[in-house]
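See below for the structure under consideration.
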Amino acid sequence: MITKVTRGIRVSVKTSFEGTFFKNYKMHFAFGYTITIENQSKDPVQLTSRHWDIYDALNEMEVLDGEGVIGKKPVIRPGESHTYSSGCLLASPIGAMKGFYNMVNLSSSDKFQVFVPTFRLNAPFALN
């Protein structure tokens with residue numbers, strides 16, 4: 001598990017290889033990830049949007065921006081956490097992701113970014 005703390009918000013990532021399949025006559029590699037966002041600060045926060053940089057060994061980097069995570073904009077109170085699972089498809093068995101969440105401190109209305117550490121997406125058979 002990979003972890004990073006930004007302004008009292010701890011982000012932990014666990015990845016999994018989900019398998020291979022053909023789509024549009026091309027082989028794809030499916031990866032899953034589970035992210036836990038834990039509020040270790042003294043103020044409630046809300047996640048408003050996300051930014052991802054997705055690296056695929058066989059393609060150019062893909063950038064994705066969107067509202068919330070999996071259709072939600074969770075409010076995370078001090079001492080609480082929000083966990084969600086998602087995934088991505090790569091053209092190769094080796095890649096990585098990194099990004100950030102845009103957050104707002106609900107006590108002060110300050111906006112800030114919480115960074116997601118770079119996490120690797122590797123099919124087990126592709127590792128030395």
Side-chain angles (χ1 to χ4, degrees):
M1 184 175 297
I2 308 262
T3 300
K4 185 173 186 77
V5 178
T6 309
R7 290 185 58 171
I9 308 300
R10 179 185 176 113
V11 177
S12 302
V13 184
K14 182 178 178 186
T15 62
S16 60
F17 175 64
E18 302 296 326
T20 59
F21 68 95
F22 283 93
K23 179 180 175 187
N24 299 329
Y25 304 103
K26 294 181 182 176
M27 175 76 82
H28 287 80
F29 300 85
F31 296 91
Y33 55 88
T34 299
I35 296 183
T36 299
I37 306 162
E38 180 184 356
N39 186 351
Q40 299 176 332
S41 75
K42 61 180 180 59
D43 297 315
V45 298
Q46 183 173 23
L47 188 156
T48 58
S49 62
R50 70 189 181 287
H51 171 90
W52 289 117
D53 295 330
I54 303 171
Y55 301 91
D56 184 328
L58 295 178
N59 285 319
E60 292 185 21
M61 180 184 72
E62 181 178 359
V63 175
L64 291 176
D65 291 294
E67 295 293 312
V69 289
I70 60 167
K72 298 179 182 176
K73 294 182 180 180
V75 172
I76 309 168
R77 303 200 184 290
E80 295 182 351
S81 63
H82 178 77
T83 299
Y84 73 96
S85 296
S86 190
C88 73
L89 296 176
L90 300 180
S92 84
I94 299 171
M97 289 177 64
K98 72 174 183 174
F100 59 84
Y101 300 119
N102 288 307
M103 309 280 272
V104 61
N105 179 316
L106 296 178
S107 294
S108 67
S109 297
D110 288 340
K111 295 179 180 177
F112 62 101
Q113 292 180 338
V114 171
F115 296 95
V116 179
T118 301
F119 55 95
R120 295 175 187 248
L121 303 168
N122 295 316
F125 59 83
L127 300 176
N128 291 348

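It should be emphasised that the depicted structure is a prediction, and the values quoted were computed from it without experimental measurement. The figures here come from the full heavy-atom set of this structure, side chains too, leaving out hydrogens, waters and symmetry mates.
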Can you tell me how far CG of Asp53 sits from CD of Glu62, rounded to the nearest 0.5 angstrom?
-> 10.0 Å

Can you see which heavy atom on Thr36 is nearest to which on Ser81, and at what distance?
-> CG2-CB, 4.0 Å

Kindly indicate, with the supporting measurements, whether the criterion side-chain contact (heavy atoms from CB on, under 4.5 Å) is fulfilled by Met27 and Phe22.
-> CA-CA 5 Å; Met27 175 76 82; Phe22 283 93; 3.9 Å; yes

Taking all heavy atoms of Thr3 and all of Ser12, pick out the closest pair and write down the distance.
-> OG1-OG, 3.2 Å

Take the angle between the ring planes of Phe125 and Phe29 and call it parallel below 30°, perpendicular above 60°, tilted in between.
-> tilted

Between Leu121 and Phe31, the two heavy atoms sitting closest are C-CE2, 3.5 Å

To the nearest 0.5 Å, what is the distance between CD (Gln40) and CD1 (Ile76)?
-> 11.5 Å

Do you know which two heavy atoms are closest between Ala91 and Leu58, and how far apart they sit?
-> O-CD1, 3.6 Å

Output the distance between atom NE2 (His28) and atom CZ (Phe21), rounded to the nearest 0.5 Å.
-> 6.5 Å

Is there a side-chain contact between Phe115 and Val11 (heavy atoms, below 4.5 Å)?
-> no

Flag yes if Val75 and Val104 sit in one hydrophobic cluster, no otherwise; membership is Ile, Leu, Val, Met, Phe, Trp, Tyr, and two members link when side-chain heavy atoms are under 4.5 Å apart.
-> yes

Which word best sums up how the rings of Tyr33 and Phe119 line up, parallel for under 30°, tilted for 30 to 60°, or perpendicular for over 60°?
-> tilted

Yes or no on side-chain contact (heavy atoms from CB on, under 4.5 Å) for Ile9 and Asn39, after CA distance, side-chain angles and deciding distance?
-> CA-CA 5 Å; Ile9 308 300; Asn39 186 351; 3.5 Å; yes

Applying side-chain contact (heavy atoms from CB on, under 4.5 Å), run through Ile54 and Leu90 and close with a yes or a no.
-> CA-CA 9 Å; Ile54 303 171; Leu90 300 180; 3.9 Å; yes

Is any side-chain heavy atom of Pro74 less than 4.5 Å from a side-chain heavy atom of Val69?
-> yes

Taking the side chain as C-beta and beyond, is there a heavy-atom pair between His82 and Leu47 under 4.5 Å?
-> no

Would Thr6 and Phe100 count as a side-chain contact (heavy atoms from CB on, under 4.5 Å) if you check the C-alpha gap in whole Å, the side-chain angles of each, and the deciding distance to 0.1 Å?
-> CA-CA 10 Å; Thr6 309; Phe100 59 84; over 6 Å; no

In terms of side-chain heavy atoms, does Thr48 have a donor or acceptor partner in Gln46 at a distance below 3.5 Å?
-> no

So if you build clusters from Ile, Leu, Val, Met, Phe, Trp, Tyr with side-chain heavy-atom gaps below 4.5 Å, do Tyr84 and Val114 land together?
-> yes

Determine the minimum heavy-atom distance between Ser85 and Ile70, stating which atoms define it.
-> O-CG2, 3.9 Å

In terms of heavy-atom contacts, Arg7 and Lys111 come closest through NH1-O, 4.5 Å

CE on Met97 to OG on Ser86, rounded to 0.5 Å = 7.0 Å

To the nearest 0.5 Å, tell me how far Glu38 CD sits from Glu80 CD.
-> 10.5 Å

With no hydrogens and no angle check, is any side-chain donor or acceptor of Arg120 less than 3.5 Å from a backbone partner on Gly95?
-> no

Do Asp56 and Ser92 meet the criterion of a side-chain donor-acceptor pair at a distance under 3.5 Å?
-> yes

Indicate, with yes or no, if Val116 and Phe112 share a hydrophobic cluster defined by side-chain heavy-atom contacts under 4.5 Å among Ile, Leu, Val, Met, Phe, Trp and Tyr.
-> yes

Pairwise distance CZ(Arg50) to CD1(Ile35) - rounded to 0.5 angstrom | 10.5 Å

Residues two or more places apart in sequence or in another chain: which of them pass side chain to side chain contact (heavy atoms under 4.5 Å, CB included) with Thr118?
-> Ala96, Lys98

